[in-house]
Amino acid sequence: MTEKKMQPLQAVKGMNDVLPPDSARWEWLEEKMRSVLQRYGYQNIRTPIVEPTALFVRGLGEVTDVVEKEMYAFEDRADKHGQAEHLALRPEMTAGVVRAMIEHNFLRDSGRRLYYYGPMFRREKPQKGRYRQFHQMGIEALGFHGPDVDAEVILLGRRLLGELGLKDGEHIRLELNCLGQPAERSAHREALIAHLEAHKELLDEDGQRRLYTNPLRVLDTKNPALQEMANAAPKLLDFLGEDSLAHFNGVRAILDAAGVSYTINPRLVRGLDYYNLTVFEWITDKLGSQGTVCGGGRYDGLIEQLGGKPTPAVGFGMGLERLLLLLDEVGVAPAAPVPQAYAIVPSATGLPQVMVALEALRAAGVAVVLHPGQSSMKSQFKKADASGAAWALIFGEDELARGEVAIKPLRDAAAAQYTRTLATAADWAGELLPNA
Ligand code: ATP
Ligand code: MG
């Protein structure tokens with residue numbers, strides 16, 4: 001029998017590995033995000049990656065790109081009664097958060113400010129800034145109806161982007177719109193359908209089909225041939241009643257007071273059906289047509305639509321791959337994490353003693369990397385230098401025989417090498433820490 005060498009397998013198209021050193025940027029981003037979220041009182045929620053398909057069909061809307069074309073939906077194996085569940089990889093997380101709120105009766109006493117972070121799945125054509133597994137950080141403020149919370153969500157986004165080094169007006173800009181309430185939308189919808197019918201010959205297959213099912217989406221087009229017709233279409237803003245306008249003006253007043261600049265884009269509708277009143281996007285011009293870094297808005301109808309008590313809610317989702325691409329583009333790079341010390345061990349016989357000493361240093365908070373395996377002193381010193389560590393810890397045979405370690409400063413040529421006693425490592429370990 002001849003043994004065939006197995007062909008190496010590859011990751012699924014559009015799904016990426018994150019490897020060091022790049023993974024350090026992700027960790028840096030996660031830490032920055034948590035710091036900002038905490039200052040606004042947002043708490044973490046984690047929900048399953050797989051949910052019943054029906055949750056997304058009902059939540060996001062049947063006639064949306066995500067549900068129609070992009071969802072990874074499948075039938076699970078049949079149980080012993082021959083019943084198989086219809087499941088889907090989550091394409092977004094708002095529906096899952098709402099499901100969890102209802103399931104755990106979590107909104108019974110008060111509102112909740114929640115954030116999540118994790119992978120989402122959409123079967124789109126992979127390209128720069130568009131993947132089949134991508135990551136979102138998002139926030140959801142549930143149970144609050146006032147325009148203050150819409151504004152808070154936008155301000156939080158600005159702070160987050162700002163603390164990452166992205167400047168409002170330079171790297172990113174805010175687009176804002178108000179979608180009103182269902183009754184206002186249906187009055188507008190009738191006028192819009194009449195307008196679209198009058199220009200039916202311009203619409204492509206998708207557009208023709210959506211003319212009656214989702215006419216607002218027909219306007220949210222990147223097709224240049226449709227721009228003129230879209231610009232001339234009846235504007236939803238002209239159909240808004242007093243309450244919707246008051247809400248919109250309330251949001252704007254806060255944004256104005258906080259110095260947030262924005263443009264009102266009457267054609268901003270967002271890709272999912274559940275939005276009402278405020279919708280917004282943080283956009284960059286530096287990533288081509290994948291320019292939306294963060295999108296969100298109010299979705300007061302969703303919780304009831306998914307079987308809960310009517311509860312107002314507002315939130316956003318931020319695409320982290322796009323955010324990292326943008327940070328690359330504008331030259332924001334976090335400092336790569338480096339160990340404080342690098343342990344050089346000339347002979348394997350001392351290893352037990354060395355490793356016990358390193359444990360004492362780590363217990364005291366020192367990041368110390370052990371040189372792996374045996375190699376010449378010269379090559380170990382080279383590795384120590386390349387590691388970026390401030391100190392080389394040299395565990396030579398003579399030092400170990402005396403219960404000592406030689407400490408050599410690597411970043412300061414004028415500083416001299418010295419020795420310390422291993423038994424008292426807890427006392428002097430602090431010297432190795434930055435700013436000691
Ligand atoms: P787009 O118009 O770019 O397709 P969307 O309206 O489908 O975006 P949302 O569903 O609102 O996006 O998701 C929020 C954010 O998640 C987007 O603004 C974007 O930053 C990110 N995002 C969405 N889909 C992808 C994807 N396939 N790959 C990478 N990031 C994505
Ligand atoms: Mg999309």
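If you're wondering where the values come from, they're calculated on a predicted model, not measured in any experiment. Both ligands and their constituent atoms are indexed starting at 1 by order of listing.
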Checking salt bridge (Lys or Arg N to Asp or Glu O under 4.0 Å) for the pair Arg209/Asp206: CA distance, chi angles, key distance, verdict? CA-CA 5 Å; Arg209 191 166 41 86; Asp206 262 358; 2.6 Å; yes

Please determine if [X] has a nitrogen or oxygen closer than 3.5 Å to a nitrogen or oxygen of ligand 1.
| X | answer |
| --- | --- |
| Val293 | yes |
| Glu321 | no |
| Tyr275 | no |
| Glu281 | no |

Regarding Gln305 and Tyr274, is there a side-chain donor-to-acceptor distance under 3.5 Å anywhere? no

For residues Arg267 and Asn231, is any side-chain donor paired with an opposing acceptor at under 3.5 Å? yes

If you measure from the Lys or Arg side-chain nitrogens to the Asp or Glu carboxylate oxygens, is any gap between Lys382 and Asp385 under 4.0 Å? no

Compute both the distance and the angle, then confirm whether Arg189 meets the cation-pi test with Phe239: under 6.0 Å from the six-membered ring centre, within 45 degrees of the axis. no

Judged by heavy atoms only, the candidate from Met137, Glu124, Gln290, Lys125 nearest atom 27 (N) of ligand 1 is Glu124

Residue-level breakdown please: for Glu92 versus ligand 1, do any non-hydrogen atoms fall below 4.0 Å on the side chain, on the backbone, on both, or on neither? neither

Please work out, at 4.0 Å between heavy atoms, whether the side chain, the backbone, both, or neither of Met120 comes within that distance of ligand 1. neither

